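Quick notes on the structure that follows.
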Amino acid sequence: MSDEQPDICSVCNEEVTNERPGCTAMERIYHVACFKCKKCGNQLAGSSFYNVDNEALCEADYQASLERCTKCGQSIADRLLRACGGTFHTSCFTCSVCDVCLDGVPFTVDPENHVHCVPCYHQRYAPRCAVCTAPIVPREGEKESVRVVAMEKSFHPECYRCEDCGLQLSSKIEGQGCYPIDQHLLCRTCNSNRLRLLSST
């Protein structure tokens, strides 16, 4: 007489026998006929299956249960990224301009809800310098950009210079403020020179 306990199917709670053979999956014992996909009921013994929350799913139902990528529409079987109200493959979450992957990278969204890496966003939306026309963006390693606004125009601080003598203009230094004439950036000395020329003609 054997002291060995009979194998009991975890679904029907009946004994596994030669007439009703069993299998082991997900650390449980099943009758071959009882080991089925939780969704469609197809038998899984001898087939590929997926353990989802301790429930067995066939390949087709597993794929159907996965979230779909907002960008490509394909199911996401590995790591996913949630951003901007969507779910993405990490490789599908990219800048709408340069297509660089934004997984773990700072990004921003434009008024039309397009995703941009920070450099592309600055290139497209940052204010432009009235002198050099380049975007006014934060310098390497900085988070904030510095700009001078004068005469309803934006300037890089280094571009904010007297148009006649090239003196760096600054409202913080006595005598180096901007004294414009007809939308021209001028220092006090050059402003006086131009005014003298204008009055003598």
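Computed from a predicted structure; not experimentally measured. Numbering of residues begins at 1 and proceeds along the displayed sequence.
- When the side chains of ILVMFWY residues are joined at heavy-atom separations under 4.5 Å, either directly or via intervening members, V115 and Y121 end up in two distinct hydrophobic clusters.
- The hydrophobic cluster containing V100 also contains L81, counting ILVMFWY residues as joined when their side-chain heavy atoms lie under 4.5 angstrom apart, directly or transitively.
- Here E158 pairs with R139 in a salt bridge; the nearest charged N to carboxylate O distance falls below 4.0 Å.
- Side-chain contact check for M151 versus L185: some heavy-atom pair is nearer than 4.5 Å.
- A 4.5 Å side-chain heavy-atom check between F107 and C117 finds every atom pair outside the cut-off.
- Checked by atom type and distance alone, the side chain of H89 pairs as donor or acceptor with a backbone atom of S75 at under 3.5 Å.
- In plain terms, the two heavy atoms of K36 and G41 that are nearest each other are CD-O, 3.3 Å.
- Looking at I173 and Q168, their side chains never come closer than 4.5 Å, going by heavy atoms from C-beta outward.
- Of all non-hydrogen atoms in C101 and S91, the two that sit nearest each other are SG-CA, 4.3 Å.
- Under a hydrophobic clustering in which Ile, Leu, Val, Met, Phe, Trp and Tyr are joined whenever their side-chain heavy atoms come within less than 4.5 Å, directly or via other members, V16 and V11 fall into different clusters.
- A donor atom on one side chain and an acceptor atom on the other are found under 3.5 Å apart for N193 and R196.
- Side-chain polar atoms of E59 and S48 form no donor-acceptor pair below 3.5 angstrom.
- Considering every non-hydrogen atom in both Y62 and A77, the closest pair reads OH-O, 4.0 Å.
- The local environment of CD in E140 is sparse, with at most 12 non-hydrogen atoms from other residues, nucleotides or ligands closer than 6.0 Å.
- Checked options R68, R82, K71; the residue passing with T87 is R82 (criterion: side chain to side chain donor-acceptor pair (under 3.5 Å)).
- For C159 against V131, the heavy-atom pair with the smallest separation is O-CG2, 3.6 Å.
- Counting all heavy atoms, side chain and backbone alike, I136 lies closest to R128 at CD1-C, 4.1 Å.
- Under the 4.5 Å side-chain heavy-atom criterion for ILVMFWY residues, no single connected hydrophobic cluster contains both V149 and V146.
- Nearest heavy atom pair, residue G177 against residue L169, reads O-CD2, 3.6 Å.
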Exercise. Run the side-chain contact (heavy atoms from CB on, under 4.5 Å) check on C12 and R20 step by step: do they pass?
Worked result: CA-CA 12 Å; C12 70; R20 294 185 66 202; 3.9 Å; yes

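- Using the six-membered ring where Trp is involved, Y160 and F155 have ring planes that are tilted, between 30° and 60° apart.
- To the nearest 0.5 angstrom, Q63 atom CD is 10.0 Å from C58 atom SG.
- Residues R28 and N54 are in side-chain contact: their nearest non-hydrogen atoms beyond the backbone lie under 4.5 Å apart.
- For the atom pair NE2 of H31 and CD1 of I8, the computed distance is 8.0 Å after rounding to the nearest 0.5 Å.
- Checking D110, T94, T108 one by one against H116, the side chain to side chain donor-acceptor pair (under 3.5 Å) holds for a single residue, D110.
- In this structure, F35 and Y30 have tilted ring planes: the angle between them lies in the 30° to 60° band.
- Following chains of ILVMFWY side-chain contacts shorter than 4.5 Å, one cannot reach M26 starting from V52, and the two form parts of different hydrophobic clusters.
- Within the 4.5 Å cutoff, side-chain heavy atoms of Q183 are placed close to those of K153.
- Once rounded to the nearest 0.5 Å, the distance linking SG of C187 with CD of E163 reads 11.0 Å.
- The shortest side-chain heavy-atom distance between S192 and Y179 does not fall under the 4.5 Å cut-off.
- A 4.5 Å side-chain heavy-atom check between C165 and T189 finds every atom pair outside the cut-off.
- Looking only at side-chain heavy atoms (C-beta outward), P138 and E144 stay at 4.5 Å or farther from each other.
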